[in-house]
Amino acid sequence: MSFPLLTAVAVVPAVGAIATAALPAAKRTAAKWLALLFSLVTFALALVVAFRFDPGAKGPFQLTESHAWISDFGVRYELGVDGIAVALIALTTLLIPFIILAGWHDADPLEEATPNRRWRPTQGFFALILAVEAMVVISFEATDVFLFYIFFEAMLIPMYFLIGGFGDRAGGDGEERAANRRSYAAVKFLLYNLAGGLIMLAAVIGLYAVTADQLGTGTFSLQQIVEARAAGKLDIATGTERLLFLGFFFAFAVKAPLWPLHTWLPGAMGESTAPVAVLITAVVDKVGTFAMLRFCLQLFPEASSWATPAILVLALISVLYGALLAVAQRDIKRLIAYASISHFGFIILGIFVMTTQGQSGATLYMVNHGISTAALMLVAGFLISRRGSRLIADYGGVQKVAPVLAGTFLIGGLATLSLPGLAPFISEFLVLVGTFSRYPVIGIIATLGIVLAALYVLVLYQRTMTGPVKAEVKSMPDLRVRELVVVAPLIALLLFLGVYPKPLTDLVDPAVGHTLSVVDKKDPKPPVQVDAVPGQGRPGHAVHDQDVEAAK
């Protein structure tokens, strides 16, 4: 029996969470190092997965594991990865060590313990981060719908405590009011996502009932359902398929988040510490967009095509709405949150234009957005921790007293606006190319999101980093060694993937091709050039396929 590599990638952080939480209260420093060690081991295992994965191999999934679990209900412990899952597992396991390092002191006890200022359990903070990592990883690996659903919902619990129990201290209006804001943001996050999960649960049960009726035995296996549909053994009625699709899509749209189901995100990110905000938008939210590719499109191909026009409109609204709200923000972290809503609009747009370029760009966008948002948010967190305020108006002239901090903040911001030469540019470019090829009007309107991104990023930098040095920032220290260790690799990755994205495109393109084949979609054929034919126009005139045949 081969080594269960995919299980190991998920189990190691889970064991690390238990071990970290079990340390005595006085062992705070040991808890930090232990959590960091387990996160690094997990990343090493993810690299083994990436090296063992063969993008050119046949079949949708590799490194598969399959074991009986709840046999009476057709539930199996089934894991497998395609190129998209490998890329997102690598992203998740890469970011967690940086999140831990960036939050090294975020859960340290407050200097004075009073009834209104409680001590923060360091062990719990880092254990919860590792628990989220374990659940996200297995969500990317699960090929059994029920197994995926369990961890899709379970990750809400540790996230709830990270938002509500370890929130931002830079509110500036007292610990009690800050605690109330954190509690409100955590409850809103939980209620929105639980509502989506409950609707999805109904759809999961409905899917099982349909497979039991037509196949004789109910199943939750993604691969078995896709193969049964391809062989003509499973034919879901149109109305039923659309209802099931909507149940799945609603849950994923909440998690993503997609307008108008996005309203939990700005509060959750704004009231969290910067590392937890990165965990939300760069890691957890990616499960929603990933699941659209893996489950919505492959389980319900007809319904996906049926819903595409409406989803594209919602994605376009997300692009513009998120960017416009980002322009209007006075809070640094909420600005980054609204920018992420705009970026998720681009990702969902790329998924549902149903083109190779669009879906490849969407997948790259998930990875590159995770890196760029982590870089920008973590540097913003370092800035906020120094000044004790999230308000843009409280800063000015930072680049004169902390040039390295200002420089890394600028690179993270330029990556967020998809500057050519940085990783997110190629992602956004591919999404727009894929959109133009099938929906040119939507593609034209979506480009306004690029203009607005330049506006909110450059205005943010101008107001915080340039101009006269404000008295409150005159003594602000520059980035320390630990903070540089966090930021420098992320900046390097943004530069490397910006000029050489081939490793990622080679990894994800076969998986994208498989998804499009399941949905039975092909790329639109572009106009071709033909020589002049009597009566057919001037040389080099662009004509379409039917005109070529007529010319012949």
Side-chain angles (χ1 to χ4, degrees), residues 8-46 89 91-111 113 118-139 151 154-170 179 182 185-186 189 268-269 271-284 370 374 377-378 381-382 384-385 480-483 485-487 489-490:
V9 180
V11 166
V12 167
V15 173
I18 296 171
T20 302
L23 287 177
K27 300 290 186 180
R28 292 192 299 272
T29 302
K32 298 173 184 180
W33 285 106
L34 185 63
L36 181 62
L37 175 62
F38 273 98
S39 69
L40 291 172
V41 172
T42 305
F43 178 58
L45 289 172
I89 290 170
L91 170 70
T92 300
T93 57
L94 168 71
L95 290 181
I96 295 299
F98 296 129
I99 288 172
I100 290 173
L101 278 173
W104 202 251
H105 298 299
D106 285 354
D108 286 350
L110 297 171
E111 293 181 0
R118 57 191 173 77
W119 293 78
R120 295 167 180 240
T122 303
Q123 288 83 343
F125 178 75
F126 293 103
L128 290 170
I129 291 175
L130 291 175
V132 172
E133 179 182 23
M135 294 175 187
V136 169
V137 166
I138 204 165
S139 297
F151 290 98
M155 70 179 70
L156 301 180
I157 304 304
M159 284 307 309
Y160 169 80
F161 288 109
L162 283 170
I163 297 169
F166 300 93
D168 192 5
R169 304 181 189 182
R182 291 196 299 268
F189 161 82
M269 288 184 65
E271 300 306 326
S272 299
T273 62
V276 173
V278 171
L279 189 65
I280 294 170
T281 191
V283 176
V284 172
M377 179 60 85
L378 293 178
F382 298 148
I384 291 167
S385 67
R480 303 178 178 92
V481 173
R482 173 180 59 85
E483 296 165 338
V485 169
V486 171
V487 176
L490 297 176

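Since this is a predicted model, take the numbers as computed values, not measurements.
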Sub-4.5 Å side-chain heavy-atom contact between Leu128 and Val132: no

Steps toward side chain to side chain contact (heavy atoms under 4.5 Å, CB included) verdict (Val283, Glu133): CA-CA 8 Å; Val283 176; Glu133 179 182 23; over 6 Å; no

OG1-CG distance between Thr29 and Leu23, expressed to the nearest 0.5 angstrom: 11.0 Å

Counterpart residues, side chain to side chain donor-acceptor pair (under 3.5 Å), relative to Thr281 (two or more places apart): Ser340

Closest non-hydrogen atom pair between Gly124 and Phe166, with its separation: C-CZ, 4.3 Å

Atom of Phe38, atom of Val12 and distance for their closest heavy-atom approach: CD2-O, 3.4 Å

Over all atoms of both residues, closest heavy-atom pair of Ala374 and Val278: CB-CG1, 3.7 Å

Heavy-atom side-chain proximity of Leu130 to Ser39 below 4.5 angstrom: yes

Met159 CE to Ile280 CD1 distance, which is reported to the nearest 0.5 Å: 4.0 Å

Donor-acceptor contact below 3.5 Å, side chain Gln123 vs main chain Pro24: yes

Pairwise distance CZ(Phe161) to CZ(Phe125) - rounded to 0.5 angstrom: 15.0 Å

Test item: Ser385 side-chain N/O and Phe382 main-chain N/O as donor-acceptor pair under 3.5 Å: yes

Pairs of donor and acceptor atoms involving the side chains of residues 92-102, under 3.5 Å and at least two apart or interchain, shall be tabulated with distances.
from  : atom 1 : to    : atom 2 : distance (Å)
Thr92 : OG1    : Leu88 : O      : 2.9
Thr93 : OG1    : Ile89 : O      : 2.9
Thr93 : OG1    : Ala90 : O      : 3.3

Point-to-point distance, once rounded to the nearest 0.5 Å, from CZ of Arg28 to NE2 of His105: 11.5 Å

Nearest heavy-atom neighbours spanning Gly164 and Arg182: O-NE, 3.7 Å

Reported OG1-to-CD1 distance for the pair Thr273 and Ile163, which is rounded to 0.5 angstrom: 10.0 Å

Validation row: Phe126, Leu34 side chains within 4.5 angstrom (heavy atoms): no

Distance (rounded to the nearest 0.5 Å) between Met377 CE and Leu490 CG: 13.5 Å

Where Ala17 and Ala131 come nearest, the two heavy atoms and their spacing: CB-N, 3.9 Å

Non-neighbouring partners of Arg480 that pass salt bridge (Lys or Arg N to Asp or Glu O under 4.0 Å), sequence neighbours left out: Glu483

Shortest non-hydrogen contact between Tyr160 and Phe189, atoms and distance: N-CE2, 4.1 Å

